[in-house]
Amino acid sequence: MLRCGRLSRFVLRYHACMSSNTYIGVDLGGTNIQAGVVTHDGKVLERDRTKTRADQGPQVVLDRIEKLIHSICETAGKKITDMHAVGIA
């Protein structure tokens with residue numbers, strides 16, 4: 001069973017912050033995970049990527065997504081609670 005409780009709470013916190021106009025986009029691919037912090041008008045404030053490492057199991061992938069999101073928020077000078085929403089494709 002996946003331990004996705006932390007990631008679920010993480011996503012819900014973003015959705016609850018309705019006053020923000022900053023978002024996170026995540027592209028989950030078989031080889032790489034790419035993520036970016038963007039404004040409502042599409043300006044990219046920060047972006048980065050990391051290897052997916054799907055061969056190590058789904059929990060590793062979830063942990064890598066979470067770490068990448070924290071990293072790009074920090075680099076962009078934003079708090080996670082500043083985000084309005086997270087989109088994952």
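In this chain, numbering begins with 1 at the start of the sequence shown.
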Notebook entry, point to check: Do L62 and V60 belong to the same hydrophobic cluster, where Ile, Leu, Val, Met, Phe, Trp and Tyr are linked whenever their side-chain heavy atoms lie under 4.5 Å apart, directly or via other members?
Noted result: no
Notebook entry, point to check: If you look at every heavy atom in R47 and I72, which pair is closest and at what distance?
Noted result: C-CG2, 4.2 Å
Checklist line | Atom pair OG1 (T31) and CZ (R49), whose distance is rounded to the nearest 0.5 Å | finding: 10.5 Å
Notebook entry, point to check: Which pair of heavy atoms, one from V61 and one from A54, lies closest together, and at what distance?
Noted result: CG2-CA, 3.8 Å
Next item on the list: Tell me, with the steps shown, if V37 and V44 meet side chain to side chain contact (heavy atoms under 4.5 Å, CB included).
Entry: CA-CA 6 Å; V37 177; V44 178; over 6 Å; no
Margin query: Which residue is it: L28, L68, V26, D27? I am looking for the one with a side chain to side chain contact (heavy atoms under 4.5 Å, CB included) to Q34.
Written below: D27
Margin query: D41: which residues meet the side chain to side chain donor-acceptor pair (under 3.5 Å) condition with it, sequence neighbours left out?
Written below: T39
Next item on the list: Measure the spacing between CZ of R53 and CG of D63 and express it to the nearest 0.5 Å.
Entry: 14.0 Å
Next item on the list: Search all heavy atoms of L45 against all heavy atoms of K78 and return the closest pair with its distance.
Entry: CD1-CE, 3.9 Å
Notebook entry, point to check: Below 4.5 Å, heavy atoms only, C-beta onward: do K51 and N32 meet side chain to side chain?
Noted result: yes
Next item on the list: Taking all heavy atoms of E46 and all of T75, pick out the closest pair and write down the distance.
Entry: OE1-CG2, 3.2 Å
Next item on the list: Would you indicate whether R64, at its atom CZ, is surrounded by more than 12 heavy atoms from other residues, nucleotides or ligands within a distance under 6.0 Å?
Entry: yes
Checklist line | Distance, nearest 0.5 Å, that separates CD1 of I24 from CD1 of I88 | finding: 9.5 Å
Item checked: Backbone of K79 reached by a side-chain donor or acceptor of D82 within 3.5 Å -> yes
Item checked: Nearest heavy-atom neighbours spanning D48 and S71 -> OD2-OG, 4.5 Å
Check: Is there a donor-acceptor pair closer than 3.5 Å between any side-chain N or O of T50 and the backbone N or O of I33?
Finding: no
Item checked: Residue pair H84 / Y23: nearest heavy atoms and the distance that separates them -> CD2-CE2, 3.1 Å
